[in-house]
Amino acid sequence: MDDVSYMARGSTRAVCQRELDRICRLLDAVPTMLPSDTVGHGWTARAVPTTKAPDADGDVRGPVVSG
């Protein structure tokens with residue numbers, strides 16, 4: 001499977017943060033880039049699925065196996 005990332009974009013920091021929080025809650029994701037207005041028009045933030053988030057050592061976690 002290809003790597004997956006999610007992006008939130010908004011006209012204000014508050015809107016972007018609200019949608020980033022919503023993505024993380026609904027899709028079991030974690031932020032990888034907090035809202036920033038330095039990457040183009042408006043505010044942008046990114047998240048990845050929890051299973052692809054770096055662990056404490058900076059390594060990417062593998063897929064979660066349910067049992």
To the nearest 0.5 Å, atom OG1 of Thr32 lies from atom OH of Tyr6 at 11.5 Å
**Prompt:** Can you find a heavy atom in the side chain of Val30 that is under 4.5 Å from one in the side chain of Val48?
**Reply:** yes
Scanning both residues in full, the closest heavy-atom pair of Ile23 with Ala47 reads CG2-CB, 4.5 Å
So does Asp28 get a backbone contact from the side chain of Thr50, meaning a donor-acceptor N/O pair under 3.5 Å?
yes
Under 3.5 Å, which donor-acceptor pairs link side chains of residues 12-21 to any protein atom two or more places apart or in another chain?
unit_1 : atom_1 : unit_2 : atom_2 : d
Thr12  : OG1    : Val15  : N      : 3.1
Gln17  : NE2    : Asp21  : OD1    : 2.8
Glu19  : OE1    : Arg22  : NH1    : 3.1

Donor-acceptor contacts under 3.5 Å from residues 34-41 side chains, at least two apart:
unit_1 : atom_1 : unit_2 : atom_2 : d
Ser36  : OG     : Thr38  : N      : 3.2
Ser36  : OG     : Thr38  : OG1    : 2.8

